[in-house]
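A short write-up of the structure that comes next.
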Amino acid sequence: MFPVLSGRPRQDTAPPAAHPSGPAISAIGQALGILGDRWVLLILQRAFLLQVRTFAGWRDELGISESVLAARLKELVTHGIFTPVAYRDGRTRYEYRLTDAGLRLWRYLVAIYSWEHGWARRQGVVTLIHDRCGHGTRPYLTCGGCRDRMSARDTRTERGPLLSFARVGVPRHHRRTATPVRLPAGRLGSCPASMEILGDRWSTTVLAAAFLGVKRFVDFQTELGIAPSVLTDRLRRFCELGVLEAGVTRVYRLTDKGLAFFDVLALLTDWAQRELPAPDGSALVITHQSCGTPLRPVLRCDVCDGELERHGLSVEAPVPGPAGS
Ligand SMILES: [Zn+2]
Ligand SMILES: [Zn+2]
């Protein structure tokens with residue numbers, strides 16, 4: 001069976017405190033709470049790709065307000081993704097290093113990059129280089145049991161009896177406002193399509209529910225405990241992005257572009273269920289149908305088919321395109 005708990009001894013840091021007084025929450029629900037925020041994703045992306053470690057580094061790279069950045073870093077420390085390390089620079093300052101659990105998010109971020117490259121086709125985005133073959137790579141997901149490619153269509157996803165998306169809380173400061181957040185261009189670009197989908201937790205939760213087979217407006221509403229106006233907004237945006245298509249009688253289906261997001265959600269699920277403590281019976285169990293192996297995701301290079309490792313990837317800055325591209 002899929003491990004609900006990682007079996008690691010609990011760290012001296014507090015367990016995820018997104019819902020300190022609420023009911024015990026599934027690992028995937030906690031992960032959506034921690035990572036379903038566009039600033040968090042951009043902070044992590046810069047930490048991985050540019051080795052940004054300091055408050056000033058993120059502030060300057062992202063153009064993020066200091067109060068927002070401070071709040072996000074505090075949360076990421078609370079959830080054990082960064083650890084602050086003091087250093088002297090005239091006075092004592094802190095740098096934020098990815099913990100082991102934080103470092104293991106690399107595959108999730110790589111999957112986001114890969115989807116953005118394949119489906120949003122933006123120019124001017126960095127290229128990931130697979131060091132072993134020396135080529136720009138668009139990683140794809142394979143099964144650790146049989147080595148075949150995995151997709152939404154050849155997997156079965158079942159939820160534990162206690163897994164409820166209605167328990168995914170949305171802190172006030174994460175609510176989407178009417179004014180869109182200005183995303184930075186910077187050296188890396190911002191993966192804008194992915195940020196629309198993953199950048200707030202209601203969006204990610206709606207998408208996760210769609211992968212579990214929820215199709216009707218009323219079922220999303222019941223499953224997620226989401227306000228109709230918020231749900232309408234997210235479904236409309238997903239249709240505009242081409243991730244969902246609306247049928248008659250308010251039925252929504254994943255398009256091929258939406259189904260391709262499976263890699264991202266599978267890697268998020270895998271990370272969450274390995275790293276975060278959660279009650280029994282709350283796991284999302286993803287099985288590769290052709291071989292029967294419970295999710296054991298492996299990312300491979302689409303050029304040489306070699307298995308990707310965190311240390312075997314580098315980043316190539318985009319070549320400036322012709323004017324107007
Ligand atoms: Zn398999
Ligand atoms: Zn390769």
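Because the structure is predicted, anything quoted here is derived from the model rather than measured.
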>> Is any side-chain heavy atom of W119 closer than 4.5 Å to one of T255?
In response: no
> So, does R274 use its side chain to make a donor-acceptor pair with the main chain of R104 at under 3.5 Å?
Replying inline: no
>> Evaluate R93 against T54 for side chain to side chain contact (heavy atoms under 4.5 Å, CB included), listing each step before the verdict.
In response: CA-CA 9 Å; R93 295 175 188 277; T54 62; over 6 Å; no
> Shortest non-hydrogen contact from L295 to A266?
Replying inline: CD2-O, 3.4 Å
> With a 4.5 Å heavy-atom cut-off, do L267 and I112 have their side chains touching?
Replying inline: no
> Does any non-hydrogen side-chain atom of T142 lie less than 4.5 Å from one of R147?
Replying inline: no
>> Using only atom types and a distance under 3.5 Å, with no angle test, would you say the side chain of E245 pairs donor to acceptor with the backbone of G242?
In response: no
> Are the side chains of V52 and I43 in touch, meaning some heavy atoms are under 4.5 Å apart?
Replying inline: no
>> Please check this pair: side chain of R250 against backbone of R216, looking for a donor-acceptor N/O pair closer than 3.5 Å.
In response: no
> If you take all heavy atoms of G80 and T99, which pair is closest and at what distance?
Replying inline: O-OG1, 2.7 Å
> Is the side chain of R72 donor-acceptor paired with the backbone N or O of V40 at a distance under 3.5 Å, no angle test?
Replying inline: no
>> Any heavy-atom pair between the side chains of L44 and Y108 that's under 4.5 Å?
In response: no
>> Using 30° and 60° as the class boundaries, would you call the ring planes of F220 and Y252 parallel, tilted or perpendicular?
In response: perpendicular
> Do any N or O atoms from the side chain of S114 and from the backbone of P139 form a donor-acceptor pair under 3.5 angstrom?
Replying inline: yes
>> Between E95 and R97 (salt bridge meaning N to carboxylate O under 4.0 Å), is one present in this structure?
In response: yes
> Taking all atoms of both residues into account, what is the closest heavy-atom pair of F82 and A47, and its distance?
Replying inline: CZ-CB, 4.0 Å
> Would you call K215-D219 a salt bridge at under 4.0 Å N-O?
Replying inline: no
>> Apply side chain to side chain contact (heavy atoms under 4.5 Å, CB included) to residues W271 and L35 and explain how you reach the verdict.
In response: CA-CA 11 Å; W271 179 84; L35 299 169; 4.0 Å; yes
> Would the number of heavy atoms belonging to other residues, nucleotides or ligands and lying under 6.0 Å from OH of Y94 be above 12?
Replying inline: no
> Just how far is it from atom CZ of R236 to atom CG of L244, taken to the nearest 0.5 Å?
Replying inline: 13.0 Å
> Do R149 and D263 meet the salt-bridge criterion of a basic N to acidic O distance under 4.0 Å?
Replying inline: no
> Any side-chain heavy atom of Q221 within less than 4.5 Å of one from P228?
Replying inline: yes
>> For a side chain to side chain contact (heavy atoms under 4.5 Å, CB included) check, start with the C-alpha distance between L254 and F261, then their side-chain angles and the critical distance, and finish with the verdict.
In response: CA-CA 10 Å; L254 288 159; F261 234 89; over 6 Å; no
> Counting N and O atoms only, with roles assigned by atom type, does the side chain of Q30 sit under 3.5 Å from a partner on the main chain of I25, one being a donor and the other an acceptor?
Replying inline: yes
> Within the side chain of T155, is there an N or O that forms a donor-acceptor pair under 3.5 Å with the backbone of S151?
Replying inline: yes
> Given the rule in the side chain to side chain contact (heavy atoms under 4.5 Å, CB included) test, do W202 and I226 qualify, once you have shown the distances and angles that lead to the verdict?
Replying inline: CA-CA 8 Å; W202 275 133; I226 184 174; 3.9 Å; yes
> So, do V214 and V206 sit near enough that their side-chain heavy atoms are less than 4.5 Å apart?
Replying inline: no
> Do side-chain atoms of Q273 reach the backbone of L284 as a donor and acceptor pair under 3.5 angstrom?
Replying inline: yes
> Can you find a heavy atom in the side chain of F262 that is under 4.5 Å from one in the side chain of R153?
Replying inline: no
>> Taking S194's backbone N and O only, do any of them form a donor-acceptor pair with E116's side chain (distance below 3.5 Å, no angle check)?
In response: yes
> Are R237 and E240 within salt-bridge range, i.e. N to O under 4.0 Å?
Replying inline: yes
> Do the side chain of W115 and the main chain of K257 share a donor and acceptor less than 3.5 angstrom apart?
Replying inline: yes
